[in-house]
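Okay, structure first, notes after.
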Amino acid sequence: MKQTILVAAFALCASLAATAATNTIASPDGRLTVTIADEAGRISYSVAYDGKPMIARSALGLKANIGDFSAGLTQLKADTGTIEKTYTMANAKASRIDYRARRLDVTYTNAKKQLMTVTFCVANNDVAFRYSFPQQGETACMVVEGEATAFRLPAQATAFISPQADPMIGWKRTKPSYEEVYSADAPLTAPSQYGRGYVFPALFRVGNDGWVLLSETGTDGSYPGCHLSDYTPDSGYSIAFPMPGEANGFGSATASMALPGSTPWRTITVGATLKPMVETTVQYDVVEQKYAPSESYRPGRYTWSWLIWQDRATKYAEQVQFIDLAAAMGYEYTLVDGLWDKQIGRKKIEELSRYAQQKGVSLLLWYNSNGNQNDAPQGPKNCMNTSVARKKEMAWMKSIGVKGIKVDFFGSDKQHTMQLYEDILSDANDYGLQVIFHGCTLPRGWERMYPNFVSSEAVLASENVYFSETHAKREAFDLTLHPFCRNAVASMDWGGTIMNRRMSRDNKSRHPRHTTDVFEMAAAIVNQSFIQCIALQPNNLAELPQMELDWLRRVPTAWDETRFIDGYPGRYVVLARRHGDAWHVAGLNATAEPMELKLSLPMLAGREVTVMTDKPAARPAMAEPQQGRAKVGKGGSLKVTIQPSGGLIIE
């Protein structure tokens, strides 16, 4: 990794800084500006793009048990600098990232003469900011009791947003788990479903002026995961801490911070179009890798019995079928889901792992994250929540050739839970294990911070397509929304490209899928995760057209570059992702009508490409795929049609 940071390119005059009430910083291209104001001891910021307001004047600051850092503040100094760095990643939307930004550090003193520095990093379409605190005299720690930090949108903005759930509700009291329904183009002032506000990320359309994407990054065991309050016109959304009732009431809902220390980064991505929302890397730009990978972690695809066959299939003979399926498809992994400890047993898991390795397949094993903070009954339990148990379990997994774990049912954003995520990841790296989280919080920069982190669910995912036809009917909406928000800020384990036409083991009963085969296949490109679930069933090998099986055998999951082509959240999306020298273009249509598009594909200009779409059909799940050749124009133009709830693949 090459990294050059040019800090303190120049400093503002000390005498001017001491009396200045306003500081302004612009992005390298000058189009994005952030203004930090000090009015009667209360500090605020605003964000504009091309001169148009994107974040109206919004509060900054926080309150701690040692002092108030939200009022009575006086600016001491302001320093500016430039950040230039290049880094590489294997497990995100791009493999080589060049980050160029301007940096502003404004230091304030409060009424007790205690110090706080607010840092803003401003790139061409991204803002990241955080608070930092030195040791305050002999005081070397503090508790952050709440933040004043707010985000006030222009009045014409509408929201694409998901509510925060009440604590200890849902199945076996496992919420909150970031698995609520997203609203589209909702009024800012619409009350949240539970009265608890909204989770990150949150996407906003600012009328015809552009788009704003809010999130946070860099959260680890030193701070809780935060979310947004409900919206008020006067103050906007404010940062909200976890609810005291989360995790069965265990653990503090506030933030305990050692000094010197910093909060996580709050991020704001802005643009005139949706392109910066989809392509942003700010979640990784402002964090650093915490430890080196213990080995070269392998991307790939996994088969998974549970999605359609459910709990009763976590048995030896059934798992052999899914290992054989993975081997037939050339897939790298098979995930053995919950209850394997009782329904298969440890000795037989060792045998199953040996069998998989003989087939060129590695096992991933499911674990319950805890045993005392919700009622989820599936085991193995109490294997991941303490260091002693974790290391013993991970040493055993390494000895039998297991390559990864899926850990489920966290149900809290409290600081101790964030520490548990970090501890699991760090220990797993020591034993060469990759990690997927389910029933969990949003990942916040974790792909860069923890190189063995793969992805998290943190979304109303594919299991709900199985559970109810209502959610099956929503699938197209959901998967055309998440590229602009949830999957834009972090890897997402949606949990399956579903090729069964009905949600049953016999593929004849229960409710149908409401998308086409090509939609499901294209979703394997649109959904970004370093290890991707291709939820084939053994029956699919005999049922699917050969062209579909051939494509599913070679779909990549590691990407070197991502480009937004076209789309609107919840209606349609077209993305291009590059793997090595090959571009893979995927489109999804969530509407009830055929969609004719004229795509701009400069990366394929003048080339002859293969185009896979769906034939028109009375019902999307019954649509047959069709494949042909087309010539992309010299300027990169190509006309396509995507069928209702259908897909598009161009290669």
Side-chain angles (χ1 to χ4, degrees), residues 162-182 194 196 199-200 219 224-225 227 242-243 245-248 250-251 302 304 306-307 310-311 314 335-341 364-385 390 404-414 416-425 428 434-444 446 453-468 471 478 482 486-487 490-496 529 531 533 535:
S162 181
Q164 174 67 299
D166 280 329
M168 303 298 290
I169 65 167
W171 188 79
K172 302 299 181 182
R173 302 195 299 163
T174 54
K175 290 189 177 185
S177 55
Y178 289 68
E179 296 179 26
E180 307 304 315
V181 170
Y182 267 83
Y194 301 93
R196 302 287 191 173
V199 300
F200 286 121
T219 307
H227 61 279
M243 300 163 283
E246 292 178 21
N248 207 17
F250 176 75
Y302 68 89
W304 183 33
W306 186 87
L307 183 62
Q310 296 286 294
D311 287 346
T314 310
L335 171 61
V336 183
D337 215 85
L339 300 174
W340 61 260
D341 56 328
L364 312 174
L365 294 184
W366 184 97
Y367 283 87
N368 194 319
S369 68
N370 66 82
N372 66 343
Q373 295 179 32
N374 57 58
D375 301 324
Q378 290 94 335
K381 299 174 72 172
N382 297 310
C383 296
M384 290 291 140
N385 53 335
R390 210 164 37 237
I405 54 176
K406 172 180 166 182
V407 190
D408 209 339
F409 300 133
F410 289 85
S412 175
D413 280 337
K414 289 181 176 179
H416 80 276
T417 311
M418 294 297 164
Q419 186 65 61
L420 177 60
Y421 285 116
E422 181 170 85
D423 290 346
I424 290 171
L425 285 160
Q434 300 190 82
V435 181
I436 299 169
F437 292 123
H438 267 226
C440 59
T441 193
L442 176 76
R444 294 160 165 90
W446 295 354
F453 172 74
V454 174
S455 62
S456 290
E457 186 181 31
V459 71
L460 196 66
S462 65
E463 63 188 13
N464 294 281
V465 176
Y466 172 86
F467 290 149
S468 78
H471 288 294
D478 289 336
H482 295 315
R486 166 62 185 89
N487 207 189
S491 299
M492 180 180 76
D493 191 54
W494 166 257
S529 178
I531 297 177
C533 177

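Counting begins at 1 with the first residue of the sequence.
- Atom CH2 of W366 sits about 7.0 Å away from atom CG of D337, to the nearest 0.5 Å.
- Inspection of the D413 and T441 side chains reveals an N or O donor paired with an N or O acceptor under 3.5 Å.
- Atom CG of N368 is separated from atom CG of N382 by 8.0 Å, given to the nearest 0.5 angstrom.
- Checking side-chain atoms of S369 against main-chain N and O of D408 turns up a donor-acceptor pair under 3.5 Å.
- Here OG of S162 is found 5.0 Å from OH of Y182. Values are rounded to the nearest 0.5 Å.
- In terms of heavy atoms, A461 sits closest to W494 at CB-O, 3.1 Å.
- Pairing each heavy atom of T219 with each of R444, the nearest pair is OG1-CD, 3.2 Å.
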(request) Begin with the C-alpha distance, continue with both residues' side-chain angles, and end with the deciding distance and a verdict on side chain to side chain contact (heavy atoms under 4.5 Å, CB included) for C533 and L335. (result) CA-CA 9 Å; C533 177; L335 171 61; over 6 Å; no
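- In terms of heavy atoms, W171 sits closest to A376 at CZ3-CB, 4.1 Å.
- The pair K175-D166 fails the salt-bridge criterion, with no side-chain N (NZ, NE, NH1 or NH2) lying under 4.0 Å from an Asp/Glu carboxylate O.
- The backbone N or O of E457 sits less than 3.5 Å from a side-chain atom of R486, completing a donor-acceptor pair.
- Taken to the nearest 0.5 Å, the OG1 atom of T417 stands 7.5 Å off from the CD atom of E246.
- Closest non-hydrogen pair, P167 versus R196, comes out as CD-NH2, 3.9 Å.
- Side chain of N374 to backbone of F409: a donor-acceptor contact under 3.5 angstrom is found.
- In this pair, Y421 and W446 present their aromatic rings tilted. The plane angle is within the 30 to 60° band.
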(request) Begin with the C-alpha distance, continue with both residues' side-chain angles, and end with the deciding distance and a verdict on side chain to side chain contact (heavy atoms under 4.5 Å, CB included) for V407 and I424. (result) CA-CA 9 Å; V407 190; I424 290 171; 4.2 Å; yes
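- The backbone N or O of S491 sits nowhere less than 3.5 Å from a side-chain atom of S455 that would complete a donor-acceptor pair.
- Note that the OG1 atom of T174 and the CZ atom of F410 stand 12.5 Å from one another [nearest 0.5 Å].
- Of all the heavy atoms in K414 and F250, the pair that sits closest is NZ-O, 2.9 Å.
- The CG atom of D493 lies 9.5 Å from the CD1 atom of I531; values are rounded to the nearest 0.5 Å.
- Side chain to side chain, Y194 and E180 meet the donor-acceptor criterion of an N or O pair below 3.5 Å.
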(message) Could you go through D311 and Q378, starting from their C-alpha distance and side-chain angles, then the distance that decides it, and tell me whether this counts as side chain to side chain contact (heavy atoms under 4.5 Å, CB included)?
(response) CA-CA 9 Å; D311 287 346; Q378 290 94 335; 3.9 Å; yes
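- Closest approach of N372 and N248 over heavy atoms only: O-ND2, 3.5 Å.
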